[in-house]
Amino acid sequence: MADPTLLDKVHDLSDLELAALICLVAQEHCIIDTEPDALDDLVQELELVASTVFGVTHAVIDCSEHTSLDDFAHAILSVEATPTRSNSPVRTRQDYFLHSPAFGPISRSPVTDSFGDNKTIANVIIAKNLDEAPRQVQIQALELMRTKRIYTRTSVQNAPKRFLFIALLAGGEGPRLTKHLNDYMFISHFHDPEDGFPNLEDIYDDGSSISSVVKKSPSQEPDVTSDARISAADIEHLTELSHHTTVSVEVKQYQQNIISFLRLHRAVAGGISAPATKHFDKLARCLAPLHDLSYATPSLVSLAARKIYLHRVQIAKPEKERSMQWGSDLDAVATLLEGIGAEDVIEDVLGTAGAETPL
């Protein structure tokens with residue numbers, strides 16, 4: 001069982017902090033969605049979550065259709081502290097973002113290439129608008145998550161042991177990343193701006209607008225490992241507890257029923273994949289120690305289903321709906337599917353009294 005002090009800290013976390021913790025415990029990665037107008041505030045909030053809650057380094061990449069592989073590789077590297085860093089002619093991460101609009105091509109001197117040897121991959125990577133990045137950049141992101149390494153012009157950089165990749169998206173529902181990248185993402189979470197940004201709000205004394213926050217450069221950031229609320233030891237302890245979570249035969253059957261009913265739902269065209277099934281089981285096991293349990297319960301399984309399948313469920317087009325094979329009217333099917341999203345499908349399957357057979 002988890003330590004009561006640790007459980008108290010977990011229960012005090014916000015929704016974003018808890019999502020990050022679950023991914024770190026599971027050693028997986030996530031999608032966080034929000035309203036377009038709140039995207040910049042959410043980036044800053046996640047930066048504070050990484051540094052103040054978990055005490056790890058972070059990097060932000062603002063993706064667009066013009067983002068190149070070199071842009072991606074440079075943005076995810078965090079500079080190691082060196083005595084000569086302040087005198088280095090190389091741009092800091094803040095200068096890189098301020099003076100390279102839309103990650104346009106920049107000239108790279110030999111000094112820049114050699115300076116890459118003094119960089120390491122940040123613990124937390126926040127990829128803003130990753131769905132807008134070119135296909136090859138998304139494939140590079142997938143390769144980074146799978147192999148935990150990336151190739152630069154001069155070296156091979158390995159990701160740290162505690163590594164979290166967050167795809168930050170704005171607006172929309174269902175799959176928006178490339179197929180395999182979307183399927184590799186562990187969970188998805190929608191953050192309602194009305195729920196606030198507690199870490200950002202805590203740094204204000206005068207109640208000024210969140211949008212007026214001035215980002216600090218990497219050299220101005222405090223030691224991120226000094227006052228972490230959730231330590232590396234805490235995360236490792238929760239990971240170990242999740243490995244010993246018991247799942248009874250009845251709960252396993254409930255999981256399989258949910259998977260089967262999702263696949264058979266008339267509004268689902270795909271997305272209920274084998275990797276999703278593995279993630280489903282893994283999340284249910286990871287949630288148990290956070291609730292001071294040594295076993296998975298049906299309620300934890302239902303919660304896991306809502307987080308695992310939200311970004312995976314593909315809604316069928318009316319002309320591709322299964323009953324069209326047996327002579328259904330296209331207009332009637334279109335009316336039935338109108339307005340149905342991934343969340344509606346999941347709630348329909350889970351029902352009010354457990355998983356229900358889709359009719």
Side-chain angles (χ1 to χ4, degrees), residues 29 31-32 39-40 42-44 46-48 50-51 56-169 177-178 181 184 214-221 224:
H29 313 279
I31 296 173
I32 295 182
L39 196 59
D40 291 333
L42 185 54
V43 170
Q44 297 180 52
L46 289 173
E47 290 182 286
L48 290 172
S51 59
V56 295
T57 59
H58 62 272
V60 178
I61 174 171
D62 192 350
C63 299
S64 72
E65 60 183 5
H66 304 294
T67 305
S68 69
L69 294 175
D70 282 346
D71 296 331
F72 179 81
H74 276 257
I76 67 174
L77 298 176
S78 60
V79 182
E80 292 181 344
T82 59
T84 60
R85 179 180 169 193
S86 60
N87 299 324
S88 171
V90 182
R91 296 178 179 179
T92 64
R93 186 174 62 194
Q94 183 190 40
D95 291 335
Y96 180 86
F97 284 105
L98 290 178
H99 301 294
S100 298
F103 284 92
I106 59 174
S107 59
R108 294 171 53 187
S109 66
V111 177
T112 305
D113 289 335
S114 63
F115 190 66
D117 295 335
N118 295 325
K119 295 183 178 181
T120 58
I121 298 178
N123 295 94
V124 177
I125 298 174
I126 304 168
K128 178 182 175 184
N129 294 320
L130 183 60
D131 54 328
E132 297 180 7
R135 179 181 178 84
Q136 63 267 26
V137 173
Q138 296 191 36
I139 293 174
Q140 180 69 71
L142 174 60
E143 188 69 14
L144 171 63
M145 286 182 274
R146 285 173 54 88
T147 65
K148 291 191 175 180
R149 67 180 62 174
I150 192 170
Y151 295 90
T152 66
R153 292 179 182 266
T154 59
S155 63
V156 178
Q157 299 291 345
N158 294 312
K161 183 178 180 180
R162 283 194 293 168
F163 178 57
L164 171 60
F165 191 103
I166 301 175
L168 194 57
L169 311 181
L177 303 173
T178 58
L181 174 59
Y184 196 81
V214 177
K215 292 185 179 180
K216 296 181 180 180
S217 66
S219 60
Q220 294 173 322
E221 292 178 357
V224 294

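From a predicted model like this one, the values you see are computed outputs, not experimental measurements. Sequential numbering from 1 along the given sequence is applied to the chain's residues.
Residue Gln136 places its CD atom among more than 12 non-hydrogen atoms of other residues, nucleotides or ligands, all under 6.0 Å distant.
Side-chain atoms of Thr147 come within 3.5 Å of backbone N or O of Glu143 as a donor-acceptor pair.
Distance check: Gln140 CD to Tyr151 OH gives 10.0 Å after rounding to the nearest 0.5 Å. With rounding to the nearest 0.5 angstrom, the CD1 atom of Ile31 is 5.5 Å from the CG atom of Leu169. Once rounded to the nearest 0.5 Å, the distance linking NE2 of His29 with CE of Met145 reads 6.0 Å. One distance of note links OG1 of Thr178 with CD of Gln138; it measures 4.5 Å at 0.5 Å rounding.
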May I have the step-by-step check of side chain to side chain contact (heavy atoms under 4.5 Å, CB included) for Gln44 and Leu48, ending in yes or no? CA-CA 6 Å; Gln44 297 180 52; Leu48 290 172; 5.6 Å; no
With side chain to side chain contact (heavy atoms under 4.5 Å, CB included) as the criterion, how do Leu168 and Val43 come out once you've worked through the C-alpha distance, each side chain's angles and the decisive distance to 0.1 Å? CA-CA 8 Å; Leu168 194 57; Val43 170; 3.2 Å; yes
Pair Phe72, His74 - check side chain to side chain contact (heavy atoms under 4.5 Å, CB included), show working. CA-CA 6 Å; Phe72 179 81; His74 276 257; over 6 Å; no
Side chain to side chain contact (heavy atoms under 4.5 Å, CB included) assessment of Leu144 paired with Ile121: CA-CA 10 Å; Leu144 171 63; Ile121 298 178; 3.9 Å; yes
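Minimum interatomic distance between Ala167 and Leu177 (heavy atoms only, all atoms of both residues): CB-CD1, 4.4 Å. When all heavy atoms of Pro134 and Ser64 are compared, the closest pair comes out as CD-O, 3.4 Å.
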Please report, to 0.1 Å, the donor-acceptor pairs under 3.5 Å made by any side chain of residues 123-133, with sequence neighbours excluded.
from: Asn123; atom 1: OD1; to: Thr57; atom 2: N; distance (Å): 3.2
from: Asn123; atom 1: OD1; to: Thr57; atom 2: OG1; distance (Å): 2.8
from: Asn123; atom 1: ND2; to: Arg162; atom 2: O; distance (Å): 2.9
from: Lys128; atom 1: NZ; to: Asp40; atom 2: OD1; distance (Å): 2.3

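The shortest side-chain heavy-atom distance between Thr120 and Leu77 does not fall under the 4.5 Å cut-off.
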